[in-house]
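All values derive from a computational prediction rather than experimental measurement. Numbered from 1 within each chain, the chains take letters A, B, ... in sequence-line order. Values reported hereafter were calculated over all heavy atoms of this structure, with side chains retained and with hydrogens, waters and symmetry mates removed.
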There are 2 protein chains.
Amino acid sequence: MTVTKLDIDLDRSSPVPLYFQMAERIAEAIQNGELPSGTRLDNEVQLADQLGLSRPTVRQAIQYLVDKGLLVRKRGVGTQVVHGQVKRAVELTSLYDDLRRAGQQPETRVLSIETVPAEEDVAGVLGVAPGTPVLRLERIRYASGEPLALLHNWLPAGAASLTAEALQARGLYELLRSTGVRMRVANQRIGARTATPAEARLLEERRGCPLLTMVRTTYDDQGRAVEHGSHVYRASHYALEVTLVER
Amino acid sequence: MTVTKLDIDLDRSSPVPLYFQMAERIAEAIQNGELPSGTRLDNEVQLADQLGLSRPTVRQAIQYLVDKGLLVRKRGVGTQVVHGQVKRAVELTSLYDDLRRAGQQPETRVLSIETVPAEEDVAGVLGVAPGTPVLRLERIRYASGEPLALLHNWLPAGAASLTAEALQARGLYELLRSTGVRMRVANQRIGARTATPAEARLLEERRGCPLLTMVRTTYDDQGRAVEHGSHVYRASHYALEVTLVER
DNA sequence: GTGAATAATTTGTCAAGACATACTTACTTA
DNA sequence: TAAGTAAGTATGTCTTGACAAATTATTCAC
């Protein structure tokens with residue numbers, strides 16, 4: 001069990017909180033191998049002394065990383081870099097975000113974008129009366145020139161000014177966020193089924209091929225539904241990867 | 001936007017930390033409707049005064065609940081119960097845990113439990129040399145008298161003394177936890193495919209039916225792999241539901 | 001009446017200090 | 001030599017206090 005000295009520079013004139021600067025520097029060191037898995041950090045009191053910070057501030061930085069699964073702490077022992085890799089944290093992201101992060105170039109073909117009267121089930125989840133006008137999107141997402149997913153989304157009408165051009169250039173969540181929508185909670189349901197003939201054709205798969213399905217309703221920080229999506233992915237080309245971290 | 005007074009009793013002789021008692025009481029009030037969605041809490045300074053706590057202690061309680069997605073805070077405004085329901089938090093749980101929580105009575109049929117030499121891929125994820133003896137489990141999980149999932153798991157040999165009897169009575173994670181294993185991080189991959197003839201027969205489905213798949217490797221707080229699982233679920237009977245909360 | 005500036009409110013950040021608890025190591029005793 | 005106890009180590013909890021930043025409400029000027 002080695003203790004490694006780590007060079008951490010704090011910019012006190014920066015608007016970035018000190019605890020966050022420290023946390024980021026440690027995360028960076030873990031990421032680039034300066035702090036290998038299993039390494040023990042100096043104790044909190046020492047770190048506070050070395051960095052000229054108060055101990056609670058140091059604790060806040062460390063707790064932030066503990067919450068992310070990068071560090072583990074044990075009373076009487078110390079703080080250690082977690083063995084093993086956190087690959088992919090649980091986050092509220094769209095497929096576009098995910099693909100881009102994975103280094104792929106997502107492309108979008110908007111099949112339709114129209115205002116329609118909300119059917120009973122969609123109205124229920126969006127919290128509007130049946131028949132209320134809602135915006136309905138139908139898109140195909142491509143990666144590496146191949147269709148990857150068929151995406152249906154419903155949004156309250158007027159909630160955001162979306163155009164086919166914008167949806168082709170950016171992901172839906174990105175667009176919503178840029179209009180000030182603060183997405184906060186999403187209930188999602190992941191399943192599987194076979195493709196209908198229409199779906200198979202759009203996704204360039206054989207009829208009855210397995211699809212990974214995701215139905216998700218996203219709420220803003222006031223609890224209002226901002227989006228309901230029903231997406232199907234080619235199981236042959238896509239899987240959901242995520243890392244669960246126990247606090 | 002209403003502010004509701006909440007009666008919180010703190011037991012200072014209890015070994016349970018004060019911040020945690022406060023957090024639990026608030027969570028209880030949210031759960032039982034005393035604190036409806038959208039309600040605003042008294043400000044931190046007031047709460048600290050009312051409860052005879054320091055403000056950082058109150059903040060710690062609130063932050064704990066913010067992290068769980070129950071509360072939302074805004075500088076200059078206050079702290080509010082999140083609108084909308086957190087249905088199912090992201091957690092490191094097993095299917096057995098999930099089913100039980102959902103009020104179902106899971107049953108398990110152990111098809112095999114044996115020590116085998118680790119194949120290349122399993123050895124890789126468990127962090128042992130190929131050929132090293134590992135414990136291999138093959139089970140069917142039933143709910144409501146119907147097969148729901150076919151579960152394969154591999155564990156380092158000797159990591160836990162598992163018997164078919166124990167596995168029939170309790171979930172794997174529960175058993176691991178009871179032997180002191182501290183599961184911390186799990187990397188999981190969710191996909192879909194069609195069932196092989198053998199799988200279809202065991203799950204009482206037709207050949208080629210869609211399966212929801214999950215491959216998961218779980219690590220303890222020292223980063224050691226404690227379990228690798230490859231599970232397939234009848235898509236007709238099961239879907240994964242989870243709530244994502246943005247911090 | 002409207003817009004800009006100022007004040008009030010509340011969370012966010014940070015500091016200094018003290019005691020409690022869990023874990024590890026060293027020492028003592030049988 | 002092994003077991004038990006004490007000491008040392010390090011995180012966990014809690015207190016008091018102060019200033020900063022974002023949001024909302026109020027006031028003032030045009």
Side-chain angles (χ1 to χ4, degrees), chain A residues 1-4 8 10-24 26 39-67 70-82 180 182 184 220-222 247, chain B residues 1-4 8 10-24 26 39-67 70-82 180 182 184 220-222 247:
Chain A
M1 185 84 73
T2 59
V3 176
T4 301
I8 299 180
L10 299 173
D11 178 1
R12 285 180 182 262
S13 65
S14 165
V16 178
L18 295 172
Y19 81 89
F20 196 74
Q21 289 183 49
M22 179 183 167
E24 287 207 301
I26 293 175
T39 306
R40 198 151 82 188
L41 299 193
D42 283 336
N43 71 47
E44 296 171 357
V45 178
Q46 284 175 333
L47 285 171
D49 200 50
Q50 288 161 18
L51 299 175
L53 297 176
S54 73
R55 189 175 151 223
T57 302
V58 168
R59 290 182 61 77
Q60 193 172 358
I62 292 175
Q63 187 61 42
Y64 182 80
L65 296 174
V66 167
D67 291 342
L70 297 185
L71 297 180
V72 62
R73 315 161 78 147
K74 195 179 291 191
R75 193 189 284 192
V77 179
T79 302
Q80 182 177 13
V81 179
V82 163
R182 280 170 298 207
R184 181 99 180 94
D220 70 9
D221 64 3
Q222 298 302 314
R247 268 198 68 145
Chain B
M1 185 83 74
T2 60
V3 178
T4 302
I8 299 179
L10 300 172
D11 178 1
R12 284 180 182 262
S13 65
S14 165
V16 177
L18 296 172
Y19 82 89
F20 196 74
Q21 288 183 48
M22 178 184 168
E24 287 206 304
I26 293 175
T39 306
R40 198 152 82 188
L41 300 193
D42 283 338
N43 72 48
E44 297 171 354
V45 178
Q46 284 176 336
L47 285 171
D49 200 50
Q50 289 161 19
L51 299 174
L53 297 176
S54 71
R55 189 176 149 222
T57 301
V58 169
R59 291 183 58 78
Q60 192 171 358
I62 292 174
Q63 187 61 41
Y64 181 78
L65 295 174
V66 168
D67 291 341
L70 297 184
L71 298 179
V72 63
R73 314 162 78 150
K74 194 178 294 189
R75 193 188 287 195
V77 180
T79 301
Q80 182 177 15
V81 178
V82 164
R182 279 170 299 208
R184 182 105 179 93
D220 69 8
D221 63 4
Q222 298 301 314
R247 266 198 73 148

Can you see which heavy atom on V81(A) is nearest to which on L71(A), and at what distance? CA-CD2, 3.8 Å
Taking only N/O atoms, report every protein-nucleotides 25-27 of chain C pair under 3.5 Å with atom names and distance.
none

Using a 3.5 Å distance criterion without hydrogens, assess whether the side chain of Q21(B) forms a donor-acceptor pair with backbone atoms of V16(B). yes
Length of the line joining Q80(B):CD and dT10(C):P, which is rounded to integer Å: 14 Å
Note: R40(A) and T79(A) closest approach over all heavy atoms is CG-O, 3.1 Å
Between V45(A) and R55(A), the two heavy atoms sitting closest are CG2-CD, 4.0 Å
Give me the atom names and distance for the closest heavy-atom approach of S54(A) to A48(A). C-CB, 4.0 Å
Between Q63(A) and Q60(B), is a side-chain contact (heavy atoms from CB on, under 4.5 Å) present by the stated rule, with each step listed? CA-CA 12 Å; Q63(A) 187 61 42; Q60(B) 192 171 358; over 6 Å; no
Nearest heavy-atom approach of L10(B) to M22(B) is CD2-N, 4.0 Å
How close or far is atom C1' of dA16(C) from atom CG of L51(A), stated in whole angstroms? 17 Å
Which heavy atom of L18(A) sits nearest to which heavy atom of D11(A), and what is that distance? CD2-O, 4.4 Å
Protein proximity profile, nucleotides 11-20 of chain D - base contact B, sugar-phosphate-only contact S, no contact -, cut-off 4.0 Å on heavy atoms: BBBSBB-B--
